[in-house]
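What follows is a set of notes on a single structure, which appears directly below.
Whatever order the structure lists them in is the order used to number ligands and atoms, beginning at 1.
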Amino acid sequence: DGKVVGTAGIARDISGRKQAEEALRKAEKLSATGRLAAAVAHELNNPLETLLNLVFLLQRNASLDSTARECVDIAEEELRRATHVTRQMLAFHRDSSKPAPVNLSEVLDDVSDLYAPLSRSNGISIVKRYEADVTICAISVEVRQVISNLVRNALEAAPQNGTILLHVFASREWNDGGRKGARVVIADNGPGISPGDREKIFEPFFTTKGENGTGLGLWVSSGIIQKHGGSIRVRSDTRRGRCGTVFNVFLPSKFAHSQEQTSVGAEGAQPELNSTGERFGQRRSYN
Ligand code: ADP
Ligand code: MG
């Protein structure tokens, strides 16, 4: 008779959708930033080259006194670094999607040059151990991106006057004598990653850096490694006095697309920076 005897309500949880929307917005912002960075690098490259040529001419000028010469030398060094950075940026964003030979120690050198100001201002020493000429067949910009993400994380984790280690050597896949390839080890003596966080670091948007982090570095990196048929694992220790983190990446010599196969487990410890004997927490194999 028009009298209300009850009500029914439907509640729908839309957090998933909201999170997906947020993820998309962040990803779009990121790719727009990338394009902008490439455009700026492109615009800067020519004037920088011109400046380098002018500095070269100045250095040859006999009338310079020693103070002026010193200034010109410093200018040259800084200009070289700036040109290097813009070239790197361009290489990063150029569409080179075909697998080609990639010299891993060259990539490590390029990346550590890129972050030289960051490491210098925090007094972080970068120790390099390269086996001569470790070359694999891979998509160069993507490998560079993986290494850049890992080195950046290590630099962000390392304490004032800390150390990071970059090690590259020819190797085989861990299991059953496996395929031939190369291994890149990036270690730091930062605070380490707690076991709880270790399970989440490869998830998109997981970050402990607040506004300063995107939580995309390791997620993107593990995607690229998967695409190359490689694997990544991390060992970390948070105990005071022996803390640190070791990321260990295997990339096969030959480029091969592959299916994901994630395994989490323990494996024998390897002597690295801050060797602790502690078992590593997370491992991803893609082969
Ligand atoms: P972001 O660096 O933007 O936070 P990443 O995906 O690169 O995103 O890393 C995710 C998280 O993993 C970081 O926020 C940090 O908590 C942890 N992490 C990664 N590398 C290291 C490291 N070398 N030492 C300590 N924590 C690390
Ligand atoms: Mg990062």
Considering non-hydrogen atoms only, spot the tightest contact between V168 and S105 and give its length. CG1-CB, 4.2 Å
Compare all side-chain heavy atoms of [X] with those of [Y] and state whether any distance is below 4.5 angstrom.
X	Y	answer
P159	N189	yes
D133	N103	yes
V85	L114	yes
E203	W219	no
F202	S221	no
F247	D188	no
R235	N248	no

Nearest non-hydrogen contact with atom 4 (O) of ligand 1 belongs to which option: V220, T208, T207?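 The option holding the nearest heavy atom is T207.
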Candidate with minimal heavy-atom separation from atom 1 (P) of ligand 1, of G192, G217, G215: G215
Any non-hydrogen atom of F202 lying under 4.0 Å from ligand 1? no
Could you tell me whether ligand 1 has any atom less than 4.0 Å away from a heavy atom of D188?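 True for this residue.
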Is any side-chain N of the basic residue among E78 and R81 closer than 4.0 Å to the acidic one's carboxylate O?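 Here E78 pairs with R81 in a salt bridge, since their nearest N and O are under 4.0 Å apart.
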How far is [atom] from its nearest protein heavy atom, and which residue and atom is that?
atom	answer
atom 19 (C) of ligand 1	N153 ND2, 3.6 Å
atom 24 (N) of ligand 1	A157 CB, 3.3 Å
atom 2 (O) of ligand 1	K209 NZ, 2.7 Å
atom 6 (O) of ligand 1	L218 N, 2.8 Å
atom 12 (O) of ligand 1	I201 CG2, 3.2 Å
atom 10 (C) of ligand 1	F206 O, 3.3 Å

Identify which protein N/O/S atoms are less than 2.8 Å from the Mg ion (ligand 2).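 As for protein N, O or S atoms lying under 2.8 Å from the Mg ion (ligand 2), they are N153 OD1.
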The test is salt bridge (charged side-chain N to carboxylate O under 4.0 Å, His left out); show your working for E131 and R183 and say whether it passes. CA-CA 10 Å; E131 199 176 83; R183 208 175 284 281; over 6 Å; no
The test is side-chain contact (heavy atoms from CB on, under 4.5 Å); show your working for N212 and E156 and say whether it passes. CA-CA 10 Å; N212 297 326; E156 286 171 344; over 6 Å; no
Looking only at N/O atoms, are T214 and ligand 1 under 3.5 Å apart anywhere?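 Right, the criterion is met.
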Heavy atom under 4.0 Å from ligand 1: found in I193's side chain, backbone, both, or neither? side chain
What's the spacing between L150 CG and R152 CZ if we round to 0.5 Å? 12.5 Å
Number the atoms of ligand 1 from 1 as they appear, then name those within less than 4.0 Å of a heavy atom of G213, with their elements.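 Atoms satisfying the 4.0 Å criterion: 3 (O).
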